[in-house]
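Only one structure is covered here, and it is reproduced in the block below.
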Amino acid sequence: MRDEATAFVPGHITGFFSAHPHDDPTKAGSRGAGLTLTDGVEVTVEPTTASEPTVVLDGDEIEVEPVRTVLETLDAPARVEAESDLPLGAGFGISGAMALGTALAANRVFERTLSTNELVTIAHGAEVQAGTGLGDVVAQAHGGIPVRLEPGGPQDNKLDSIPARARVEYLSFGELSTADVLSGDTDRLTEAGRNALSRVVEEPTLLSFMYASRLFAREAGLLTDRVAETIAEVAAADGQASMAMLGETVFALGTGLSDAGYEPSVCATHPAGAVLK
Ligand SMILES: Nc1ncnc2c1ncn2[C@@H]1O[C@H](COP(=O)(O)OP(=O)(O)O)[C@@H](O)[C@H]1O
Ligand SMILES: CC(C)(COP(=O)(O)O)[C@@H](O)C(=O)O
């Protein structure tokens, strides 16, 4: 057993998605596309003798169900300490990042001998089971600008990506409970998500991704006034922006938000998937 291990998992902004439930959470998931980010989550796992696991994010002890499930699945009594560049609950896939980072680091600390795909499957299943995400984990394992053609964990899904890189700006006005949205009527997202995916498969470019994402955000009925206004202001300054699913967050390519007079956070698309440090 090692003293500790650390993994870095990129943040993930989903531009559009459709939900695809299944009785087996490792086969359930989403189709869609998004951006993995150089801003992300660093997850450190160390063994504990305490009767219950401890999960700390940016110094605060919190309850993130997928992390607990991953530790139980790996039979790993641990303390998980995460540092995030991104806000929790605002559409950056932090719950998925913490689950995936915990799986990678716990496997190393407790000297389990699971493969990367097995660990991604465990983290993906835990995230889906908790209702806090559908496609973040497999996207964060992949890196780049993943296009999720078929839902599920590595043994069932089919991923492609948009071969591009970009500077990314983002501005978050607040949280949107993923669990609330996913436990509601997601059928209304299915057609919008299918249309968006068809557009990006037809034309796998960043511009078509952004256009498809804006169309989806409108059709999904999730746009808030502040998000809609900000997207319009970026467009008026000849920029490309859309809403991060699922958060009250706007993301833009290049300098879109800055050019519209905002002071956004700045990062870039992440060229690779999650890594052990
Ligand atoms: N202060 C908090 N704000 C938002 N979520 C929180 C907080 N503390 C714990 N959580 C848990 O973190 C998870 C957030 O998941 P989600 O809404 O999908 O966020 P993200 O979009 O960052 O992945 C949920 O399991 C939620 O119960
Ligand atoms: C959009 C979402 C369903 C939720 O994303 P988040 O709120 O960041 O957990 C994501 O998991 C996806 O399937 O694309």
Side-chain angles (χ1 to χ4, degrees), residues 9-22 25 28-37 39-41 43 54-70 80 82 84-102 120 123-142 145-153 157 159 170 172-186 188-190 192-193 196-197 200 209 212-213 216-217 220 222 227 242-249 251:
V9 185
H12 176 249
I13 291 176
T14 293
F16 59 84
F17 74 102
S18 54
H20 299 276
H22 191 287
S30 59
R31 291 189 175 99
L35 309 172
T36 62
L37 305 176
D39 280 0
V41 187
V43 181
T54 309
V55 180
V56 176
L57 175 62
D58 296 333
D60 296 327
E61 190 166 338
I62 61 166
E63 181 57 39
V64 183
E65 187 185 329
V67 171
R68 178 181 285 270
T69 304
V70 165
V80 176
S84 175
D85 307 306
L86 300 157
L88 178 62
F92 293 101
I94 304 309
S95 55
M98 290 180 71
L100 180 54
T102 298
V120 174
H124 169 79
E127 169 87 333
V128 169
Q129 195 172 302
T132 52
L134 291 170
D136 290 312
V137 168
V138 296
Q140 290 161 321
H142 184 281
I145 304 171
V147 179
R148 288 166 278 129
L149 300 167
E150 294 300 334
N157 69 27
L159 297 181
Y170 58 87
S172 193
F173 297 112
E175 300 174 13
L176 198 55
S177 166
T178 301
D180 290 354
V181 174
L182 295 187
S183 58
D185 172 15
T186 55
R188 61 193 168 84
L189 307 176
T190 305
L197 186 60
V200 169
F209 164 72
S213 297
F216 176 83
L222 291 166
V227 167
S242 191
M243 177 180 179
M245 296 294 153
L246 289 159
E248 199 183 5
T249 297
F251 68 98

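All figures in this text were calculated on a predicted structure; none of them were measured in a lab. Counting starts at 1 for both ligands and their atoms, in listed order.
Near Ser30, meaning under 4.0 Å from one of its heavy atoms, ligand 2 places the atoms 12 (C), 13 (O), 14 (O). Atoms of ligand 2 lying under 4.0 Å from any heavy atom of Thr14, numbered from 1 in the order shown and given with element: 1 (C), 10 (C), 12 (C), 14 (O). If you number the atoms of ligand 2 from 1 as listed, the ones under 4.0 Å from a heavy atom of Gly133 come out as 11 (O). The contact set between ligand 2 and Arg148, taken as ligand atoms under 4.0 Å from a residue heavy atom, comprises 12 (C), 13 (O), 14 (O). Under a 4.0 Å criterion applied to the non-hydrogen atoms of Thr132, ligand 2 contributes the atoms 9 (O). Annotation for ligand 2: atoms under 4.0 Å from non-hydrogen atoms of Thr178 are 4 (C), 6 (P), 7 (O), 9 (O).
Pairing each heavy atom of Ala126 with each of Pro66, the nearest pair is CB-O, 3.6 Å. The two residues Val70 and Ala123 have their closest heavy-atom pair at CG2-CA, 4.0 Å. Across every non-hydrogen atom of Ser172 and Thr249, the tightest pair is OG-OG1, 2.7 Å.
By the 4.0 Å heavy-atom criterion, Gly93 is counted among the residues contacting ligand 2. Between Gly96 and ligand 2 there is no heavy-atom distance shorter than 4.0 Å.
Under the 4.5 Å side-chain criterion, counting only non-hydrogen atoms from C-beta, Leu176 is not in contact with Glu248. Two residues are said to be in side-chain contact when any heavy atoms from C-beta on lie closer than 4.5 Å; Val41 and Met98 meet this criterion. Considering only heavy atoms from C-beta on, His20 stays 4.5 Å or farther from Glu150 through its side chain. Inter-residue side-chain proximity for Arg148 and Thr14 is flagged as met; some heavy-atom pair is nearer than 4.5 Å.
For Thr186 (side chain) and Leu182 (main-chain N/O), no donor-acceptor pair under 3.5 Å exists by modelled atom type.
Which of Ile13, Asp136, Val128 comes nearest to atom 10 (C) of ligand 2 through a heavy atom is settled by distance: it is Asp136.
Closest to atom 1 (C) of ligand 2, if we only count protein heavy atoms, is Met245 O, 3.5 Å.
Between Leu189 atom CG and Leu222 atom CG the span is 6.5 Å, to the nearest 0.5 Å. Separating the CG atom in Leu37 from the CD1 atom in Ile145 is a distance of 10.0 Å, to the nearest 0.5 Å.
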With the criterion set at N/O pairs under 3.5 Å, what does the list of contacts between the protein and ligand 1 look like, atom names and distances included?
unit_1   : atom_1 : unit_2 : atom_2 : d
ligand 1 : 3 (N)  : Glu175 : OE1    : 3.3
ligand 1 : 3 (N)  : Glu175 : OE2    : 3.2
ligand 1 : 17 (O) : Thr178 : OG1    : 3.4
ligand 1 : 18 (O) : Ser95  : OG     : 3.3
ligand 1 : 18 (O) : Thr132 : O      : 2.8
ligand 1 : 18 (O) : Thr178 : OG1    : 3.2
ligand 1 : 19 (O) : Gly89  : N      : 3.3
ligand 1 : 21 (O) : Gly91  : N      : 3.4
ligand 1 : 22 (O) : Gly89  : N      : 2.9
ligand 1 : 22 (O) : Ile94  : N      : 3.1
ligand 1 : 23 (O) : Ile94  : N      : 3.1
ligand 1 : 23 (O) : Ser95  : N      : 3.1
ligand 1 : 23 (O) : Ser95  : OG     : 2.8

